[in-house]
Every structure is written in structure tokens, then in C-alpha cells.
**Q** 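My questions will all concern the structure given below.
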Amino acid sequence: MSELLEETAHQIMAAPDPWPALEDAGLTLVGVPEEAGGSGGTLEDAAVLLRAAGYHGAPVPLAETGWLAGRLLAAAGLPVPSGPLTVAHGPSGGPLRRVPWGRAARCVVLADGSVAILDPAQVTEGANLAGEPRDDLVFDAAEAVAPCPVTPAELRRWGALARAVQLTGAMRRALELAVAYAGEREQFGRPIGRFQAVQHLLAEMAGEVVVADVAVRAAVRTPDDPVAVASAKANASRAAGEVAAIAHQVHGAIGVTAEHPLHRTTLRLWSWREEYGDEHAWAAELGALDGDPWELLTGTR
Amino acid sequence: MATLPDLDPGTLPPETAALRARVRGFLADEPFTPRCDCWLTGADPAFSRRLGEQGWLGMTLPARYGGHGRSPLERFVVIEELLAAGAPVGAHWISDRQVGPSILANGTEEQRQEFLPAIARGECFFAIGMSEPDSGSDLASVRTRAERVPGGWRLHGTKVWTSGAHLAHAILVLARSASAGDDRHAGLSQFIVPLPAEGVTVRPILAMTGGHHFNEVVFDGAFVPDAMVLGQIGDGWRQVTAELAYERSGPERLLSTFLLIRLLAERADEAGARNAVGGLLARLWALRQASLGVAGALAQGRTPDLPAALVKDLGTRFEREVVETVRRHTAVEPDPGSADPLARALAEAVAQTPGFTLRGGTNEILRGIVARGLGVR
Ligand SMILES: Cc1cc2nc3c(=O)[nH]c(=O)nc-3n(C[C@H](O)[C@H](O)[C@H](O)COP(=O)(O)OP(=O)(O)OC[C@H]3O[C@@H](n4cnc5c(N)ncnc54)[C@H](O)[C@@H]3O)c2cc1C
């Protein structure tokens, strides 16, 4: 099942605008229960899609629509509307800052313990480093309102895990680009990948990618475990910086140009590592937990 | 790049929770002083025997050889608890981790019956004789020679850095039994030499702070009967490289300095130190998942060489990061004689740190293995 899903996901995400194909295939609400209007499937299935989106840098609000808004509405017992969605958390009435894809999606707002679907009265467009919409929104009235069992802290964890999954896709892409380039680019009469210094950079990169990836996969299996999610995002964010730096080092000057595709990946790494908390923020959350470190680590507290 | 496969997380079966609790209960009643790098420097044969009585040595060996038929993941839980506690596991570590599985995989029926039950009881400790003065990373260049004589072999040569040889009941020796020819990996064999033995001299090589952990072992024509050739003559290189997958990815590659995290957490009363503890926990959580992932793959009968090399590279560098982080957030000086456990643990850790990224294949060699896996070498 998940291999087939992965193959489909890669086919779709590689297109310039994958959203229509995702909707046609019913893949925008994977991981959201069918009773709530979602497509069903597990969070692991949703992660397969999200990782592929991260790998291709697909310009779609996939994390926002299903993983975040869809699950939030389902938790609140509200029907999930069709089309792209996003989420924001903030005081009711106040402006909401840097809402992902705010201009292009209906917004599900978590405020004061309830959830509402809103259409913005005013949109001030903004973007992250990778050019993905991050807009400031002002709202009038809410369409549907329901009390919500999900706390803002939980919603932040959901967001962190989603970005962590996207990061692992993008990191794998960066590694593949760097390995391929090291095999093609020749200097001193041989591919640069023959130089041990370059080999060791690539090996170091592979280590960061694999460890971040296995940690995120493990956290997706236990998404309600705060230690797991905090550790997964902290590692993905930390690894993102290392991976981006090495990818560029291996590519030389061509990698920093607008013409070369590497920046589609690295700009996302640098953006997503910050969103929903960077490695320092999540380390602080872990450090603030009471209890013996070993019991925290092994989930036996 | 299909050559860098995803590593699936290893999931601990629910029944391991009770096992973990039993290990913790046992450790709570054991009167040892926790130490850093306990799997190399904390040897206590009586403690090893008590572990054997609990059924926590040779766990993955079949019951017919005195083992316990447990899964690698169950063993993972036991050893990570022992390591996190800083327990004195050094005496049996090598026999439990790699020699037992190697004799099971490669040994003759007689060898299995002779050594495996004793290993599982904690009554037979092994040393590993691979490295030599002129053969470190380039292990295939070993010069210790096995000379054919009636009924067996005579060993000539010198092994160094042989951990625990002074406590061991036997040593597994890699030696050249035929000249290399075109394939330098051919003509190597492993020999089991019970200790002490005629023609074998074990001399201490003291570590920089005076500790006696490893040795020089000189073979001066020591006789090894045919029955003590491990498996087949000429099969040594394959045996040795298969052992390394077990050796490289276990929790001992992450936890050598865990004691310091615990001690730092106990006294981290300002935000900077607490954040630092959190950062270490996040990293360790991820590395542990990776190590578990490799254990899970081994449990399914696969040999995940590449992830194992990665885990060891990142894990051993993390062990040092722990030391540096503790230094940044405390004003404690490393002091082997201190009454302060943190000062003492720091002393143990700082002086052992260089070994973390050398033993079991240096990190540079590991990165070479990874690069080959990535297809650039
Ligand atoms: C604490 C400890 C316990 C040990 N216990 C045992 C034991 O029980 N039994 C045993 O047999 N051995 C043991 N060893 C030895 C260990 O296996 C060797 O130290 C290791 O294989 C490296 O060999 P070397 O020390 O000779 O270093 P060398 O191989 O000489 O390496 C020196 C430096 O050169 C680098 N280098 C070498 N070749 C390359 C290359 N091709 N590319 C890039 N860099 C390279 C290395 O990475 C290293 O930085 C132990 C070592 C330690 C530190």
C-alpha cells in the first residue's frame, strides 16, 4: 500500500502544479477520517505524501489542508469543506500573522478554545524564504464554530511534525542532487566525488539525512508523544542546516544561482526548519520537562 | 541512488516493557559506582556472572547452547539499560556482543558447545585480536602468521590494543594462513586461543591516565589445534566483516557518556543548561531510533552495513558533544579523585573521548564505507 502510494505521490508531485491531480485522486485529505469528510488512511500514509511533496518542493498547501486543518476540523466535529485549507491560531478578532497559503485557502482558526472556518476580509501577502505564501489575515465573521479539544500546544506539535516530514523529503532530494553532481562534475581530470574530502562531506550529509528521517518516521507512529515530536523536529531542523550547507559546498558556485534547481530545495530547508519551532525552541521544550532523562528518552516516565 | 535505503524505525514489542522494568529493578539493588564508557573500562567478572544468572547474557543464542532464544530487540533493551546506568559490563561485553554470535554463525558444533554456554553464564570472556602495530584501519594487512604444522597451526605475531585480554579466558585471533596473492582478503583465518597459553604473552598497555584496559598480545609459536580454527580456514575476512555489523550500531555507540547528561540534568537550574540538556536529549532520541532501526533490521536477518556505519559515525561524535556541552554549562573541572560524581565522570569521559571515534573502525573509514554505498567511491 505505502509503496504504491509513494510511487503515485512522486508522479503527481513532480508536476508544476500538482494540486488538481491531488484533488482528483482524493489525496488532499489523507489521514483525515472518512466520517469527517476526509479520505481516511493513517498519518503514516499522509506522511508518505507529505515527504514526496517536500522532495519535489511542490507548491501545494498539502500539510495545511489535510494534516492540519482537516484533522483539526475532524477533532472539533465539523465537516471538512472541499478545496485548499489552512490553519491559524490566534486571538479571536485579531489579525493573524504569516498564515501559510492564507491568500489561497479557506482558513480554519483555533481561538479561545473553539474552532471556526473563516474567509479573510483583508489579506496582506507575504512569503517565506522559498517564496511560499505566508500571509497576514484579518477576519470578519465565522461560518461554522465549534468547541475544540485540541490545544494550541498540540496544534503546534502537529505543525512541527508536518514540517519535519517535509524536511526529510527535501533533505533526501538535496543529498541525491549532491551525490549526482559529485559524479558528473570533473576537476583535476576526474569527478570531484573521487576526492576523499568530497566523499566525506557526502557521507556526513547521508548520516544527517538518515538519522533525521528515521526519527521523523518514528515520531509519525507516535504523534501524541511530546518527546517524540519535539525530538523529531529538533533533529530535522538541525539536520536541515547541515544538509543545505554541504549540498551547496559540493555544488560550488553553480548551486547558488537562480538557474540551478538546488535552491528550490535549500530555500525550503532554511524556511521549514524555522516554522513551528526550530531546533533550539524544541530543545528548550524538552529541557523544561521534569523527570529523569533516561525515562524521558525511553518513554517510561 | 537506490543504494541509500530508508531505515525503518525499530519498534520495541510491548513485552519488552516488563523486561526493562526487571533490569531496572535488578540494577537498583546492585552496589556499583556508575561510570562513563562502562563497556570498556568497567570490568567486574562477578557482576557479569550475576547478569548471566538473570539470563541477560547470550540472550539471542539458542537455548540448546545455553542461550535464551531472545530477539535482538530484547537484547537491545537490556544492554541500553545497563549502559545508561553506567554498570560494569566491560568483562563480558565483547564475548556477548560479537564472539558469541560469531561462534554461533561460523563455529563448529564442538566449538558452540564448548564456548556458548559459558559465554551465556558470564564465565567465559573473550578478547579480539585484530589490530597490530602496523595494521590498524588496513586490517587486511595483518602480519600475524599461522604456520601449518601436524594437527594444527602455530601462530607468530603481535596484536595490540587488545581490550580485556588480561581478563579474558580466550582470544579470537585474525591471522594470515596463506599468502594473499591477487585477493588480499583471501588467506585470512580466525583462531580461538584459550588463555593463558604456552607461547602467548599478554602485557598491559596503559591508557594515558594510567588505566589498564588494553594489551599487547604476543604469539610466539603458540599451537592451535585444527579443532580451534573458527569455521573454515581462509574464511577469516568474511567472518570479521560480518561481526562488524553487530559491533557498529549498538547503543554503546551513543551512550558512552550518558551518565554526564543525567548529572548535568540534576544540576541544570538555569535556562541555558536546561536548554542544553533538551538539545542533547533531542539528538539522543533520534540516534537511539536509528540504532533501534538497525537492531530491527538485524532481527529480520538483514545486514544493514551502511546505516550501521552512519549510526556509529554520528553516535560517537555525539558522545563527544555531550562532554563539550557539559563543560560549557558547568564550572566543574575533570577530577578523577573527586567526591563530586560530575567531576569524576567528566574525568573518565574526557580521557576516553579520543577512543570513541577510533575503536571498531575509525570515523574516516566509516565515511568511506558510506561513500561507497552512495556510489561515489
Ligand atoms: C579504546 C580502544 C579499544 C580497542 N580495542 C581493540 C580490540 O579489542 N581489539 C583490536 O583488535 N583492536 C582494538 N582497537 C584498535 C582499533 O580497532 C584501531 O585503533 C582502529 O582500527 C584504527 O587503527 P589505528 O589505531 O592503527 O589507526 P590508523 O589506521 O593508523 O589511523 C590513523 C588515522 O588515519 C586515518 N586513516 C587511516 N586510513 C585512512 C584512509 N584510508 N582514509 C582516511 N583516513 C585514514 C584514521 O581514520 C585515523 O584518523 C581498540 C582501539 C581503541 C582506541
**Q** In terms of heavy-atom proximity below 4.5 Å to chain A, should B:Glu266 be classed as side chain, backbone, both, or neither?
**A** neither

**Q** Does anything in residues 233-250 of chain A reach chain B? List residues with heavy atoms under 4.5 Å apart, or say none.
**A** A:Ala234, A:Asn235, A:Arg238

**Q** Where the side chain of B:Ser291 meets the backbone of B:Ser249, is there a donor-acceptor pair that is under 3.5 Å apart?
**A** yes

**Q** Is the shortest side-chain N to carboxylate O distance from A:Glu208 to B:Arg283 below 4.0 Å?
**A** yes

**Q** Pick one of side chain, backbone, both or neither for A:Gln199, based on which atoms fall under 4.5 Å of a heavy atom in chain B.
**A** both

**Q** Among B:Leu281, B:Val277, B:Thr11, which residue forms the greatest number of heavy-atom pairs with chain A at distances under 4.5 Å?
**A** B:Leu281

**Q** B:Ala290 and B:Leu7: which non-hydrogen atoms are nearest, and at how many Å?
**A** O-CD2, 3.6 Å

**Q** Salt bridge or not between B:Glu324 and B:Arg327? Use side-chain N to carboxylate O under 4.0 Å.
**A** yes

**Q** Looking only at heavy atoms and a cut-off of under 4.5 Å, which of A:Gly207, A:Ser231, A:Ala215 has the most pairs with chain B?
**A** A:Ser231

**Q** Between B:Ala371, B:Ala271, B:Ala265, which residue shows the highest count of heavy-atom pairs closer than 4.5 Å to chain A?
**A** B:Ala371

**Q** Sub-4.5 Å heavy-atom contacts with chain B: which residues of residues 186-195 of chain A show up?
**A** A:Gly193, A:Arg194

**Q** Do you know which of A:Val198, A:Val214, A:Leu286, A:Leu202 has the most heavy-atom pairs with chain B at a distance under 4.5 angstrom?
**A** A:Val214

**Q** Closest heavy-atom contact between A:Leu68 and A:Gly159?
**A** CD2-N, 3.6 Å

**Q** Establish, yes or no, whether the cationic atom of A:Arg51 lies under 6.0 Å from the six-membered ring centre of A:Trp67 and within 45° of the ring axis.
**A** no

**Q** Would you say CZ of A:Arg264 has more than 12 non-hydrogen atoms from neighbouring residues, nucleotides or ligands within 6.0 angstrom?
**A** no

**Q** How close do B:Leu73 and B:Gly296 get, heavy atom to heavy atom, and via which atoms?
**A** CD2-N, 4.0 Å

**Q** Can any side-chain N or O of B:Thr316 pair as donor or acceptor with the backbone N or O of B:Lys312 at less than 3.5 Å?
**A** yes

**Q** Is B:Arg359 salt-bridged to B:Asp37, going by a charged N under 4.0 Å from an acidic O?
**A** yes

**Q** Please classify the contact between A:Ala288 and chain B as side chain, backbone, both or neither, with a heavy-atom cut-off of under 4.5 Å.
**A** backbone

**Q** For chain A, find which of B:Arg24, B:Arg20, B:Arg377 contributes the most heavy-atom pairs closer than 4.5 angstrom.
**A** B:Arg24

**Q** Compare all side-chain heavy atoms of B:Leu264 with those of B:Thr330 and state whether any distance is below 4.5 angstrom.
**A** yes

**Q** Is any NZ, NE, NH1 or NH2 atom of the basic residue among B:Arg184 and B:Asp138 found under 4.0 Å from an Asp or Glu carboxylate oxygen of the other?
**A** yes

**Q** Closest heavy-atom contact between B:Gly373 and B:Leu306?
**A** CA-CD1, 3.2 Å

**Q** Please state whether the side chain, the backbone, both or neither of B:Leu12 comes within less than 4.5 Å of a heavy atom of chain A.
**A** neither

**Q** Could you tell me which of A:Ala219, A:Ala230, A:Ala218 has the largest number of non-hydrogen atom pairs under 4.5 Å with chain B?
**A** A:Ala218

**Q** Which residues pass the ring-ring contact (aromatic ring centres under 6.0 Å, His included) test with A:His56, sequence neighbours left out?
**A** A:His10

**Q** Can you say whether A:Ala228 sits under 4.5 Å from chain B via the side chain, the backbone, both, or neither, judging by heavy atoms?
**A** both

**Q** Is it the side chain or the backbone of B:Asn363 that comes within 4.5 Å of chain A heavy atoms, both, or neither?
**A** neither

**Q** Would you say that A:Met171 contacts A:Asp213 through its side chain, given a criterion of any heavy-atom pair below 4.5 Å between the two side chains?
**A** no

**Q** With side chain to side chain donor-acceptor pair (under 3.5 Å) as the criterion, how do B:Thr41 and B:Arg35 come out once you've worked through the C-alpha distance, each side chain's angles and the decisive distance to 0.1 Å?
**A** CA-CA 8 Å; B:Thr41 61; B:Arg35 58 185 304 146; 3.2 Å; yes

**Q** Determine whether a donor-acceptor pair (N or O, by modelled atom type, separation under 3.5 Å) exists between the side chain of B:Glu319 and the backbone of B:Ser256.
**A** yes

**Q** Quick check: under 4.5 Å, non-hydrogen atoms only, which of residues 290-301 of chain A neighbour chain B?
**A** A:Asp292, A:Pro293, A:Trp294, A:Glu295, A:Leu296, A:Leu297, A:Thr298, A:Thr300

**Q** In Å, rounded to the nearest 0.5 Å, how long is the span from CG of B:Leu83 to CD of B:Glu81?
**A** 9.5 Å

**Q** Assess, by modelled atom type and distance only, whether the side chains of B:Thr357 and B:Arg320 contain a donor and an acceptor separated by less than 3.5 Å.
**A** no

**Q** May I ask you to say whether B:Glu247 pairs ionically with B:Arg253, meaning some side-chain N is under 4.0 Å from a carboxylate O?
**A** yes

**Q** At a 4.5 Å cut-off on heavy atoms, which part of B:Leu314 comes close to chain A: side chain, backbone, both, or neither?
**A** side chain

**Q** Please flag which part of A:Leu289 lies under 4.5 Å from any non-hydrogen atom of chain B: side chain, backbone, both or neither.
**A** backbone

**Q** Using a 4.5 angstrom heavy-atom cutoff, name the option from A:Gln196, A:Glu204, A:Glu279 with the most pairs to chain B.
**A** A:Glu204

